[in-house]
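In what follows, chains carry the letters A, B, and so on, assigned in the order in which the sequence lines appear, proteins first and then strands, with residues in each chain numbered from 1.
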There are 2 protein chains.
Amino acid sequence: MPASPPLADSTALIARIHALAARATPARIAVLRLLDEAERALSHREIEDALGTGFDRVTLYRVLDWLVESGLAHRVIDAGRVFRFSLASPANATHTAHAHFRCEACGKVFCLDEIPVPTPALPAGFSGKAVEYCITGQCARCDQSEQEK
Amino acid sequence: MPASPPLADSTALIARIHALAARATPARIAVLRLLDEAERALSHREIEDALGTGFDRVTLYRVLDWLVESGLAHRVIDAGRVFRFSLASPANATHTAHAHFRCEACGKVFCLDEIPVPTPALPAGFSGKAVEYCITGQCARCDQSEQEK
DNA sequence: ACCCTTATCGCAACAGAGTTGCAATTAAGA
DNA sequence: TCTTAATTGCAACTCTGTTGCGATAAGGGT
Ligand SMILES: [Mn+2]
Ligand SMILES: [Mn+2]
Ligand SMILES: [Zn+2]
Ligand SMILES: [Zn+2]
């Protein structure tokens, strides 16, 4: 039972791609669906594994780049130097700042849309655009499995 | 006119290293001095360039690792997948959360010790340890040079 | 001042994530 | 169905950082 809204069928995904005047290719549809179903930010590797063989790694990289450039997804970098991607919800599609949580145990990154990101006052001469707000710690699942030991 | 306190001489730097029961090698002294003089977080590459030839790249990587492990410095990762290092001031040596600013124009990362980092409420089951708070935009210098055009 | 011990260094080889060039394929409109 | 440019697949590549190991040298003891 995914917490996210019901996953879109292929036709809806294809429409979303066509709305950007781009070609609805199998790779794009597959990645889009996967990110839509995922409740956390996924890395290229995780996406590759989830989709199995059938798509070249470079194709997946390019699909992810395209998703970010087109504004459908956004990219965050984790402590292990790997990019993680999550679908931009209508809420954060407008580049609204939102917080992230990275679990040190399992390495997953979660989008915390509920938490407001404070906008700080900057030193003179500095002009801020985006704010990154990331909490590191242990996620609910890893916290639980640690209790069981 | 550096905003930071007067840079320490070699003997002071050596003392700082010896206080950790470690050997005061040329590489460690040089990197420590450089980070002490820098007002922003430096990447390995920047450190290598600044010090010129004379130290092996691996040695510099190991010095930086040692600095982080010993608590003298802390490491942040930037959007370009490269680590940046800044000396832990007495204030943030205790792992006190502090904000960072990354300039999109010149790529530099600044430590904003003045800005307080808010501690957010997390979803149930999540336990937070560290908070990363990074503002992206344009630094004072790049903002200025843009005006001149 | 000299010797030991072993922490640290230098080199070379390696690893992982991501990028680029280009010919072959194919989505989508005519 | 035909055309054409967007997209793919593959191979080679870059960049940052890591590891193994023999050589070097910091620093404590004499
Ligand atoms: Mn997010
Ligand atoms: Mn800092
Ligand atoms: Zn976890
Ligand atoms: Zn700048």
Side-chain angles (χ1 to χ4, degrees), chain A residues 10-11 13-32 41-70 72-85 102 107-109, chain B residues 10-11 13-32 41-70 72-85 102 107-109:
Chain A
S10 293
T11 54
L13 295 173
I14 291 175
R16 231 159 133 187
I17 296 172
H18 282 170
L20 295 164
R23 293 187 182 176
T25 67
R28 282 178 179 169
I29 297 169
V31 172
L32 200 50
L42 301 178
S43 67
H44 170 273
R45 168 63 78 79
E46 289 172 330
I47 292 169
E48 199 178 15
D49 291 347
L51 295 182
T53 59
F55 300 110
D56 188 81
R57 1 176 281 115
V58 179
T59 298
L60 296 181
Y61 274 119
R62 289 200 266 234
V63 166
L64 291 169
D65 287 346
W66 168 78
L67 279 172
V68 171
E69 283 162 20
S70 67
L72 281 185
H74 58 163
R75 179 197 339 247
V76 307
I77 187 152
D78 73 16
R81 301 183 56 233
V82 326
F83 292 129
R84 292 181 169 277
F85 302 85
R102 180 177 55 242
K108 310 301 182 191
V109 174
Chain B
S10 293
T11 55
L13 295 173
I14 291 175
R16 232 160 133 188
I17 296 173
H18 283 171
L20 295 165
R23 294 185 182 177
T25 67
R28 281 177 180 170
I29 297 169
V31 172
L32 201 49
L42 301 179
S43 67
H44 170 272
R45 169 62 79 79
E46 288 172 330
I47 291 169
E48 200 179 14
D49 290 348
L51 296 182
T53 60
F55 300 111
D56 190 82
R57 18 179 263 112
V58 178
T59 297
L60 296 182
Y61 273 118
R62 290 201 265 235
V63 166
L64 291 170
D65 287 346
W66 167 79
L67 280 172
V68 172
E69 283 162 19
S70 67
L72 282 185
H74 58 164
R75 181 199 337 247
V76 307
I77 186 150
D78 74 14
R81 303 202 329 131
V82 325
F83 291 130
R84 292 181 170 275
F85 302 86
R102 180 176 55 244
K108 311 300 183 192
V109 174

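- Rounded to whole Å, the distance from CD on A/Glu48 to P on C/dG18 is 10 Å.
- Atom CG in A/Asp65 sits about 16 Å away from atom P in C/dA17, given to the nearest Å.
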Short heteroatom pairs, N/O only, protein and nucleotides 11-16 of chain D, under 3.5 Å:
unit_1, atom_1, unit_2, atom_2, d
D/dT16, OP2, B/Arg45, NH2, 3.4
D/dT16, O4', A/Arg81, NH2, 3.4

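- Each of A/His74, A/Arg75, A/His44, A/Glu46 was checked for a side chain to side chain contact (heavy atoms under 4.5 Å, CB included) with A/Arg84, and the lone residue meeting it is A/Glu46.
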Using distance only, find each side-chain donor-acceptor pair of residues 52-70 of chain B under 3.5 Å and give its atom names and separation, not counting sequence neighbours.
unit_1, atom_1, unit_2, atom_2, d
B/Asp56, OD2, B/Val58, N, 2.9
B/Ser70, OG, B/Trp66, O, 2.9
B/Ser70, OG, B/Leu67, O, 3.1

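- Separating the CD1 atom in B/Ile77 from the CZ atom in B/Arg102 is a distance of 10.0 Å, to the nearest 0.5 Å.
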Tabulate below the donor-acceptor pairs under 3.5 Å that side-chain atoms of residues 19-32 of chain A make, not counting sequence neighbours, or state none.
unit_1, atom_1, unit_2, atom_2, d
A/Thr25, OG1, A/Arg28, N, 3.3
A/Arg28, NH1, A/Arg23, O, 3.0

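- Distance CG (A/Asp78) to P (C/dG16): 16 Å, rounded to an integer number of Å.
- Across the protein-nucleic acid pair, B/Leu13 atom CG and D/dA26 atom C1' stand 17 Å apart, rounded to whole Å.
- End-to-end axis angle of the helix from C/dA1-D/dT30 to C/dA30-D/dT1, using five pairs per end and rounding to 10°, comes to 30°.
- Between the CG atom of B/Leu60 and the P atom of C/dG10 there is a distance of 8 Å, rounded to whole Å.
- Here the C1' atom of nucleotide D/dA26 and the CD1 atom of B/Ile29 are 10 Å apart, to the nearest Å.
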### Heavy-atom protein contacts under 4.0 Å, nucleotides 22-30 of chain C, coded B base, S sugar-phosphate only, - none
----BBS--
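- Map A/Ala27 and B/Arg75 each onto its nearest nucleotide of DNA chain D; the residue landing nearer the 5' end is A/Ala27.
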